[in-house]
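One structure is given here, and the rest of the page talks about it.
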Number of protein chains: 2
Amino acid sequence: MVQRRKQDRSKVSIEQVLAAALELFSNQGFGATSMRNIADQSGLSMGNLYHHFPNKEAIFQKLLDRYFERLEDPDNPLQKVLRKADFPNDLEALARAIEGVVEENSAYILLIYIDVVEFKGAHIRSFYEGMAARFEEVYGAQLEARKTAGEFGDVDPLVAVIMATRWFFYFFTVEKCFHVPMHFGMSPKEATSEFIRLLRYGLLPRLGSDAAPKPLDT
Amino acid sequence: MVQRRKQDRSKVSIEQVLAAALELFSNQGFGATSMRNIADQSGLSMGNLYHHFPNKEAIFQKLLDRYFERLEDPDNPLQKVLRKADFPNDLEALARAIEGVVEENSAYILLIYIDVVEFKGAHIRSFYEGMAARFEEVYGAQLEARKTAGEFGDVDPLVAVIMATRWFFYFFTVEKCFHVPMHFGMSPKEATSEFIRLLRYGLLPRLGSDAAPKPLDT
DNA sequence: CAATACAGAACGAGCGCTCGGTTTGTTTAT
DNA sequence: ATAAACAAACCGAGCGCTCGTTCTGTATTG
């Protein structure tokens, strides 16, 4: 017969609360989700809920913390791609990794937008503010070396990595979390490969060493 | 003495409601904004509020309708840039137009995300689904002509326009609505010009007619 | 005198959270 | 081994309050 220890029981309950809250928050927002909803969905009582969490916002906070931990986890496929620093050869792999991450965390990603809307981004700001520095840390040295070796043009590859990563996140978030499929008027496959092509080779055909066409305005 | 006509009175009241609701919704979300909040902020009574609008959601809907009308208005600076179809010479102008539109409509733009979070995007889906077709309509003929004239490489310029437009919207939305300044680790000016450069010329230096480096994976 | 614009009390439901109490599992004393 | 003592886990009724909406009635206007 299985003997369940006390702290195991607690752990399971907390997981049930978080799972229920994630589903409810991501489907109806923070304000529209009541503690009774969470209690019902998780199978816990109101009292027990407040035994494990001081208030509703703490549950929300805990969920966001989880997501950021997942993102930064070295085992995350996105982190693996990034740490190989084989940009821009790995753009296709980067796209696929981010598609997977967004798919797998679509509920968590919606929490980000809930925070923006209902809390003015209070719970996520520090994470996003530190993002560029984290990129630099993981990526900076290798790419800088390759740049001075002349692998890239006069573009900063670190900037390009950030842009590509953010673009993929944005694109797949709209596709998978906002439920607006084909919002570019093309399939995700097409959109991704077109973006990659633009990023690699640009829009204008640069035949020979022609000067770039002068911009009409700056 | 100013004689105010009856329907003018009504019109003013409705404007007051919409202004109040826009501010409140965009600052605290739909669910967290009460009809009493809106009544107080607009200076109307509860009864009068319900005299002009059948329910809370109708106010929200009306605000979104307004925003989409503004966006499609031919006088909108963004529309003017788009209709000139001077892509990609006008990328800087496009960026500035979108920066202005986002700045001027930041409260409305937040409503979009509120709709995604609290209504699963029910009020905005049709607008975004039709967006690619509208681009095609406004832009398609001219760009297609210029493409067959050989102005572009093998990239579809329509795709590039959509990507550029969406990217600028995304970038300035995060900057101005989500209150995450410098989220790419650089100033908006830098980010914009870097993105434009990438879009025009790409990341890789294509010297002469060299073959493009083989991608590691597809 | 209509019809429209406006006011605010009232309604039932639901909110976040508290509180007193029970159950369950572990530790300690005998 | 057993009982007593303790703390963590759990329960749900209840508190004060606010919610979206409705209702009844009064000003204002043409």
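Note on naming: letters A, B, ... go to the chains in the order of the sequence lines (proteins, then strands), and numbering restarts at 1 for each one. Just the heavy atoms: all of them, side chains too, but no hydrogens, waters or symmetry mates, feed the values below.
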- Task: Let me have a per-nucleotide readout for nucleotides 17-24 of chain D, 5' to 3', with B, S or -, counting only protein heavy atoms under 4.0 Å.
- Result: --BBBB--
- Message: Which residues pass the salt bridge (charged side-chain N to carboxylate O under 4.0 Å, His left out) test with A/Glu190, not counting sequence neighbours?
- Response: none
- Message: Tell me whether the side-chain N/O atoms of A/Ser10 come closer than 4.0 Å to OP1 or OP2 in D/dA9.
- Response: yes
- Enter the inter-axis angle for the ends of the helix from C/dC1-D/dG30 to C/dT30-D/dA1 (five pairs per end, rounded to 10°). 0°
- Query: Where do A/Leu24 and A/Thr33 come nearest, in terms of heavy atoms and distance?
  - Reply: O-OG1, 3.4 Å
- Message: Any side-chain N or O of A/His52 below 4.0 angstrom from OP1/OP2 of D/dA8?
- Response: no
- Query: Quick one: is B/His51 getting a side-chain N or O under 4.0 Å of the C/dA5 phosphate, OP1 or OP2?
  - Reply: yes
- Task: Would you mind reading off the distance between A/Ile14 atom CD1 and D/dA8 atom C1', rounded to a whole angstrom?
- Result: 12 Å
- Given atom CG of A/Leu44 and atom C1' of D/dA8, what is their separation to the nearest angstrom? 14 Å
In residues 156-166 of chain B, what donor-acceptor pairs under 3.5 Å come from side-chain atoms, sequence neighbours left out?
unit_1	atom_1	unit_2	atom_2	d
B/Asp156	OD1	B/Leu158	N	2.9
B/Thr165	OG1	B/Val161	O	2.8
B/Arg166	NE	A/Tyr170	OH	3.3
B/Arg166	NH2	A/Tyr170	OH	3.3

- Item | N or O in side chain of A/Ser13 less than 4.0 angstrom from D/dC10 OP1/OP2 | yes
- When the distance from CZ of A/Phe53 to C1' of C/dT18 is rounded to whole Å, what number comes out? 18 Å
- Does A/Phe171 have its ring centroid less than 6.0 Å away from the ring centroid of A/Phe184? yes
- Can you name the closest pair of heavy atoms from B/Gly185 and A/Ala132 and give their distance? CA-CB, 3.4 Å
- Write out all pairs satisfying ring pair (Phe, Tyr, Trp, His ring centres under 6.0 Å) with one or both partners inside residues 22-47 of chain A, taking only residues at least two apart or from two chains. A/Phe25-A/Phe30, A/Phe25-A/Phe60, A/Phe30-A/Phe60, A/Phe30-A/Phe119
- Task: Mind jotting down which residue pairs meet the side-chain hydrogen bond (donor to acceptor under 3.5 Å, both in side chains) criterion with at least one end in residues 127-142 of chain B? Sequence neighbours excluded, please.
- Result: B/Glu72-B/Arg134
- Short N-O contact, B/Lys147 and B/Glu144, less than 4.0 angstrom: no
- Query: Hey, does the side chain of B/Arg96 reach the backbone of B/Leu91 with a donor-acceptor pair shorter than 3.5 angstrom?
  - Reply: no
- A/Glu15 atom CD is separated from D/dA9 atom C1', nearest whole Å, by 16 Å
